[in-house]
Each structure stands twice: as C-alpha cells, then as structure tokens.
Protein chains: 2
Amino acid sequence: MTRIDAVDLFLLQVPDFDAARDPVKDTLLVRVRAGEFEGWGECEAAPFVSLAAFVTPESHSTSQPIGASVLGERLEDPADIARMAQRIAESSMNVLQAPHIFSGVEMALWDALGKRLQEPVYRLLGYEKAFPKQPYVVQPFASAPEQTYLDMRRLVRAGYGAVKTGWNGFGGGDFAADRDQLAAAREGLGRDGRLFLDAARVWGNDVAAARSYSHLLDAFDVEWVEEPFDATALGAFADFSHYHGRKRVAAGENVHSIAQARQLLDIADVGVIQIDCGRIGGIAAARDVALYADQRGASFVNHTYTSHLALSAALQAYAGLERHSLCEYPMDRPSLSWAICSEHLLPDGEGKVSAPEKLGLGLPVAPEAVLKYVVDTEIRFGATLLYRTPSIG
Amino acid sequence: MTRIDAVDLFLLQVPDFDAARDPVKDTLLVRVRAGEFEGWGECEAAPFVSLAAFVTPESHSTSQPIGASVLGERLEDPADIARMAQRIAESSMNVLQAPHIFSGVEMALWDALGKRLQEPVYRLLGYEKAFPKQPYVVQPFASAPEQTYLDMRRLVRAGYGAVKTGWNGFGGGDFAADRDQLAAAREGLGRDGRLFLDAARVWGNDVAAARSYSHLLDAFDVEWVEEPFDATALGAFADFSHYHGRKRVAAGENVHSIAQARQLLDIADVGVIQIDCGRIGGIAAARDVALYADQRGASFVNHTYTSHLALSAALQAYAGLERHSLCEYPMDRPSLSWAICSEHLLPDGEGKVSAPEKLGLGLPVAPEAVLKYVVDTEIRFGATLLYRTPSIG
C-alpha cells in the first residue's frame with residue numbers, strides 16, 4: 001500500500017526584498033513523499049503561520065495539527081485525498097489557518113497521486129480533456145497615465161491580449177485621474193484588448209460610490225470589476241451586481257472555504273468567481289466551486305500570482321469546463337515565483353495556456369531555487385523539535 | 001503618552017495530559033505592558049498557531065504579523081483598541097489565524113486600559129452597570145443514565161441550578177438511549193433546574209434527523225439545543241429554527257468574525273447566539289454581536305470553558321444588557337484553567353455571577369501557574385530569533 005511517508009515544508013523568502021522590484025516576498029513549498037512518488041504544492045499567504053498549523057502540538061479535539069490528518073495516510077486514489085480533507089475539516093475545525101496550509105499539501109498530494117496513477121490531475125478530477133484558456137496578466141496602473149499607456153503597449157507587443165489593472169489610488173475619488181488612467185490603459189491595449197479592473201475593495205460597503213464608476217467602466221469597455229467591496233459586504237455586492245450587471249462583477253480571491261464561495265455566488269450574486277487554489281483548501285475545493293459556478297451560470301477563473309506550479313494546480317481545477325475560458329497568468333519576470341519551477345506553462349501558438357498533458361501537476365520544482373531562497377527555520381517546543389527545515393536533496 | 005511597550009505570550013500545557021481527567025490541554029496567555037499598566041488575556045484554540053500569527057515574519061501587504069499592528073501603538077482610550085482591530089482586519093486579512101490571536105491580545109489591552117482609566121472594562125464598553133447573570137455549568141452525559149442522574153444531583157447540591165449536557169453518542173440514532181439520558185438528567189436536576197443540550201453538530205445538515213428529536217426535547221423541557229448542525233449549514237438551521245422555535249436553537253461558539261455571527265442571526269435565524277471572546281477577536285467584537293442580537297430579539301450568551309480571566313472578558317461584553325441573563329460558567333475543578341487566576345468569579349448569595357467591580361478585567365493571573373505550566377518555546381528564522389518564551393517575572 002502507498003502511504004504518505006513524509007511532508008516537507010520549505011519556507012522561501014526573497015533576501016533584501018524590495019516591494020518596487022519583487023512581486024512576491026515569500027512562499028511556502030510543500031513536498032510530499034509517498035512510496036516512490038513525490039509531489040509538490042505551494043501555499044499562499046503568511047507562510048510561517050501555515051507551517052505552524054502543520055506542526056503545531058496536539059491541542060483539543062477540534063484543534064489538531066494538520067500533519068496528524070495527513071502523515072501515514074493511504075494515497076492510492078482520489079477518495080484518499082477527499083478523506084483527508086474531511087478529517088481536517090473536523091479535527092482542525094478550530095485551527096483557522098488550516099485551509100491555507102492544506103491548500104499546498106493537497107496540491108502536492110494530487111501531484112504525487114497523478115504520478116502514481118499515470119494521469120494528469122485534471123483527469124483524476126473527472127475531466128476528459130483540458131481546454132485551453134486565454135491568459136490575462138496583471139499590470140497595475142503606473143503613477144502617470146503616459147506610463148500606463150506604455151506598459152500596456154509593451155504587454156501587447158509581448159503577445160498578451162488581456163490585462164487586469166487597477167490600484168495606485170484608483171477609485172479613491174479623483175474621478176478625472178481615474179478616467180485618464182483607464183483611457184490610457186484602453187488606448188495602450190487597443191480596441192481588441194480585453195481589459196479588467198481590480199478595485200481592491202476601495203469602495204468598502206458604499207454602493208453609491210461604486211455606481212458612480214459604472215458608466216466609466218462602460219466607456220472603456222472594462223469586462224468586469226473585481227472586489228469593488230469588502231469581502232463581507234454581501235449586500236453591497238448584490239445591489240451593485242444588479243445595477244452594473246452580474247457578469248461584470250468579480251470576487252473571491254480571499255475565499256478559504258467552499259461555503260464562502262457559494263455565498264459570493266448565491267448571496268452577493270457575483271457573476272465571476274475567482275478562486276485561489278493556494279487559499280481555498282486545494283484543487284478539489286476549487287473544482288467544486290467551478291462546478292457550482294457553472295451550474296449557476298457564473299464564470300470561474302483562477303486567482304494566481306505565485307509560481308507556475310500554483311498555476312498548474314489552478315488550471316486543473318476547471319480544465320474540463322470549456323465555457324470558463326480565462327486564466328489569470330503570472331507572466332515571465334525575474335522573481336521568486338518564476339524561479340520555483342524549472343519549466344513553465346507558456347502560451348501556445350494561439351496565445352492560450354492549458355493544464356499540462358503530463359503526470360500529476362507536470363511542473364518540476366527547481367532544487368536550486370529552493371536552495372537559494374530557503375530560510376533555515378527551527379522550532380523547539382519544550383524538549384521537542386517541532387520543525388527544522390528539511391534537506392532539499 | 002502611554003504606548004504598548006511589550007506583548008508577551010505564554011504557551012501553557014498540562015504535562016501528561018489525560019482527556020478523562022483534564023478538561024483543557026493547553027492555552028495561550030497574553031500579557032500586555034503599556035507604561036506602568038499591565039493587562040492579561042487568553043486565546044482559545046490551537047495556541048501555538050496563534051502565537052505564530054503574532055510573531056510571523058512580515059509577508060505581503062495583507063499578511064502582516066499581528067504584532068506589527070499592536071507593538072508601539074498608543075493605548076489611552078477605547079478608540080485606540082478599535083483602531084488596532086481595524087488595522088489588523090486590513091493588514092492581516094490573509095492571516096486566517098488573526099482573530100484567534102487578537103482575541104487574547106485585545107482582552108489584555110482592555111485589562112490594561114481599564115487600569116489606566118480606573119474603570120471596569122464594561123464601563124469602557126459603554127455600559128452603566130453590570131447585571132448579574134445566572135451561571136450554567138457544563139456536564140456531559142455519563143456513560144450510563146444512572147451516573148448522569150448522580151452527576152446532576154451533585155451539581156444541584158453544589159448550588160448549580162442550570163446545566164448544559166450532551167455528547168457521549170447523543171443524537172447518533174439510539175433514540176431510546178438518548179431518551180433515558182435526558183430523563184436521568186432531568187430527574188437529577190429536578191423540575192426547577194434549567195437544562196440545555198449541546199448536540200455538537202451531530203445532525204450535520206440533516207433537518208429531518210433534528211426534527212425527530214424535537215418532541216423529546218420538549219418532553220424533558222430542554223430550553224435550547226446547541227449546534228444541531230454544522231456551522232455552514234445555514235439553511236438547515238433556518239428550517240429547524242422555524243420548526244422547533246427560534247429561541248430554542250443556539251449556535252456560535254466557533255464564530256471568528258462579527259460577519260459570521262450576523263449570518264447566524266440573519267440567515268440561520270438562531271435565537272441564541274453563543275460567542276467566545278477568545279475566538280471572535282476579543283471583547284469589543286463580542287459586545288457588537290451582543291448589541292446586534294439584542295436588536296434582533298435574540299439572546300446573547302458567552303461560550304467559555306477556559307479560565308475565569310476569559311470568563312471576566314466574556315461577561316464584560318454583555319454586562320449591561322439585563323435581558324441577556326445566562327452565563328456559561330467554568331466551574332471549580334482541578335485544571336489548568338482554574339489555576340490560571342489567583343481569584344475567581346464566584347456566585348453571589350443568589351447564585352448569580354457578574355463582571356467584577358474592579359479595574360480592567362479584575363482577575364489577577366497567578367505567576368506560579370504560569371511557571372508550572374509554561375512550555376519553553378523558541379523559534380529561529382534564519383538569523384532572527386522570532387520568539388522565545390519570556391520571563392514571567
């Protein structure tokens with residue numbers, strides 16, 4: 001029987017981090033070993049806290065370490081992964097960090113299981129084939145519209161026909177400045193470029209403020225606006241979705257449970273749900289949300305700004321759903337995230353990306369990147385060594 | 001100006017823990033020092049993970065350590081605590097563990113602030129006076145009804161007129177055994193005893209199963225049934241509340257945000273909301289839920305099974321709301337939780353307990369208990385000592 005022999009956690013951090021240069025500061029990689037098979041995954045957000053949730057000493061019956069539900073378990077078919085997820089939902093119910101750490105662990109489990117069963121993960125998830133998706137890249141507004149225009153031109157020349165922009169004060173009240181930025185982005189992208197906007201919760205709970213932007217979004221053909229409100233402002237989302245058009249309102253990147261995602265679809269009534277496999281609890285949870293969104297007539301898209309390992313995991317979750325045809329795509333640039341994989345998911349001749357036709361997640365982790373960025377960490381709890389950074393070898 | 005000079009975390013654990021003997025295995029105490037003032041608080045659930053969330057290295061803009069929003073901040077009036085809570089909600093949005101660690105930190109901030117402003121915390125929260133509450137204690141069903149009867153008799157002799165029971169297989173399908181247990185509990189308590197039942201999520205999402213127990217609960221005058229369903233089964237709650245009676249359905253102990261609590265009241269339609277100050281993000285968050293429940297015609301009650309420090313924090317949150325007259329009360333028994341405080345909140349001549357008429361939370365922590373139970377812990381992250389157990393002295 002194939003059992004999970006080891007789960008190794010590697011906390012990576014950019015030395016001398018510079019927010020102006022480095023898109024990502026740190027991350028947590030997970031390596032699973034089960035018999036002769038190895039798998040890798042990546043957790044999103046607060047890597048050290050997620051690591052702690054895996055190795056924490058046993059506490060009361062609903063606050064158990066995530067490791068206790070994984071180590072030594074059988075890994076032979078998809079039901080084994082579902083069983084571990086269910087066990088964590090029960091025995092780690094009061095470890096709030098559980099979904100974030102399990103996200104990376106679960107990716108690694110699927111990667112290893114795909115190798116064992118000689119299949120890409122998407123097939124193990126029940127999909128027949130992997131449909132290509134159109135990538136969109138993320139490019140914040142520059143400090144001045146002239147530079148925003150140039151940034152967009154550069155992306156078009158690099159072959160990207162879809163861009164999400166926003167931030168840098170957008171939506172904060174200077175309507176003319178916001179119009180100029182959107183105009184510059186649209187001009188840079190050209191008439192055929194697809195443009196999306198991330199409002200980054202700028203309107204809080206204020207539907208009127210968001211409504212005042214609706215016409216501007218129309219004027220520059222912004223396909224959807226992301227996170228106009230705080231995640232808990234479900235009523236504001238519902239009002240604005242009704243006004244602006246449900247299919248033109250997106251949210252979901254911070255979701256860390258299927259139940260939360262369903263509320264965004266059912267109560268907030270967003271038409272585009274954006275799920276991060278590294279936060280929601282892994283690939284199967286994202287797949288469940290994708291299927292639910294499909295039933296509801298909403299669109300599913302991934303939220304991914306880390307490695308192409310995380311991107312592959314994200315693509316598996318909705319690979320077989322042809323109608324859901326967009327993909328948030330971390331582009332090629334010098335970064336910790338890009339360095340993690342020794343191969344990447346590059347756009348094909350038509351500019352599309354797909355879940356790889358390889359076993360598991362299909363993206364090898366580069367040992368030299370782990371060696372370069374890993375931070376040696378040690379946790380002692382009384383006489384117990386709870387954690388020490390493992391060897392990459 | 002009074003600033004927060006230090007936040008010290010103490011992870012306590014029962015050596016040679018025995019679930020049959022020890023009601024609690026471990027906990028996390030928080031000591032805040034601000035100028036000449038000191039305050040204490042207690043976090044609930046997975047203490048090591050909560051500790052990690054306080055000391056974690058800086059990560060991206062919404063995954064900042066909780067400590068970064070607290071250390072060095074001004075502590076002169078209640079608005080300072082609100083400001084810190086707001087900052088954590090933004091800059092630690094993607095540290096899922098944030099509410100649990102901030103719960104204990106926030107208690108300690110109120111405790112210190114009460115000493116500085118020479119007031120009990122409840123007055124700083126806007127209440128004029130602290131109304132006495134009737135304590136109920138928690139006593140699980142014994143393995144046989146005869147023992148359940150004896151356990152209840154013992155509690156009545158000890159002066160407790162209200163008991164919450166449950167567990168030990170209750171609700172799992174052996175209807176006759178469940179009836180015998182409830183009958184024994186009612187007989188032991190006597191006709192005037194107040195009886196509550198914790199169903200501990202036994203019916204999952206199955207409304208029909210819960211309904212089949214409704215008549216039994218009536219027959220033995222069970223005032224309310226707690227957590228009949230999983231926390232996310234809001235629809236099941238609403239159906240059952242409609243059937244069994246809203247005021248007779250309780251939930252909320254695992255809630256870790258005000259938004260979640262409001263959903264239980266607004267969507268699940270429970271009539272009794274049970275909030276743990278050590279989980280929801282502290283006293284002010286619990287107070288906000290209490291005021292909202294009051295508006296909605298629902299009842300607020302604390303969830304507390306740890307120390308009397310946590311009990312005092314819990315009582316402050318709804319001290320001034322006379323209609324909300326019950327209190328979950330950790331009773332006197334040899335335990336880590338009991339040892340934490342050198343004084344306790346004992347029932348008055350009428351068997352009631354109240355938030356203490358003392359400065360802050362009014363319950364001194366016993367240094368000898370900290371010394372006895374503290375586990376020396378050390379976290380090294382690269383060249384940085386992220387955490388080492390501080391001295392109690």
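Just so it is clear: chains get the letters A, B, ... in the order the sequence lines come, proteins before strands, and each one is counted from 1. Everything quoted here is computed from the prediction, not taken from an experiment.
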All heavy atoms of D26(B) vs all of S59(A), minimum pair found to be OD1-OG, 2.8 Å
Contacting region of Q260(A) [heavy-atom separation from chain B under 4.5 Å] | neither
Atom group of Y305(B) that falls short of 4.5 Å from chain A, counting heavy atoms | side chain
Going from CD on E378(B) to CD on E378(A), what distance comes out if it is rounded to the nearest 0.5 angstrom?
-> 7.5 Å
Could you give the distance from NE2 (H100(A)) to CD (Q97(B)), rounded to the nearest 0.5 Å?
-> 11.0 Å
Using a cut-off of under 4.5 Å on heavy-atom pairs, state which of R380(A), E58(A), Q263(A) scores highest against chain B.
-> R380(A)
Interatomic distance, OG@S63(A) vs CZ@F48(B), rounded to 0.5 Å, equals 14.5 Å
Heavy atoms only, distances under 4.5 angstrom: which of D230(B), D376(B), T389(B), N94(B) has the most pairs with chain A? Name it, please.
-> N94(B)
Options V374(B), V95(B), T232(B), ranked by heavy-atom pairs under 4.5 Å with chain A, top entry = V95(B)
Here the gap from N254(A) atom CG to L96(B) atom CG, rounded to the nearest 0.5 Å, amounts to 9.0 Å
Roughly how far apart are D266(A) CG and L234(B) CG, rounded to 0.5 Å?
-> 11.0 Å
Interface check, chain B: of E44(A), H60(A), Q64(A), most non-hydrogen pairs under 4.5 Å belong to H60(A)
Is it the side chain or the backbone of L51(B) that comes within 4.5 Å of chain A heavy atoms, both, or neither?
-> neither
Heavy-atom pairs under 4.5 Å with chain B are the metric here; pick the option from R388(A), R262(A), R279(A) that has the most.
-> R279(A)
Okay, I258(B) and chain A: the region with an atom under 4.5 Å from a heavy atom over there is neither
Under 4.5 Å, counting heavy-atom pairs only, tell me which of I267(A), T62(A), I379(A), V24(A) racks up the most with chain B.
-> I379(A)
Using a cut-off of under 4.5 Å on heavy-atom pairs, state which of A259(B), A53(B), S92(B) scores highest against chain A.
-> A53(B)
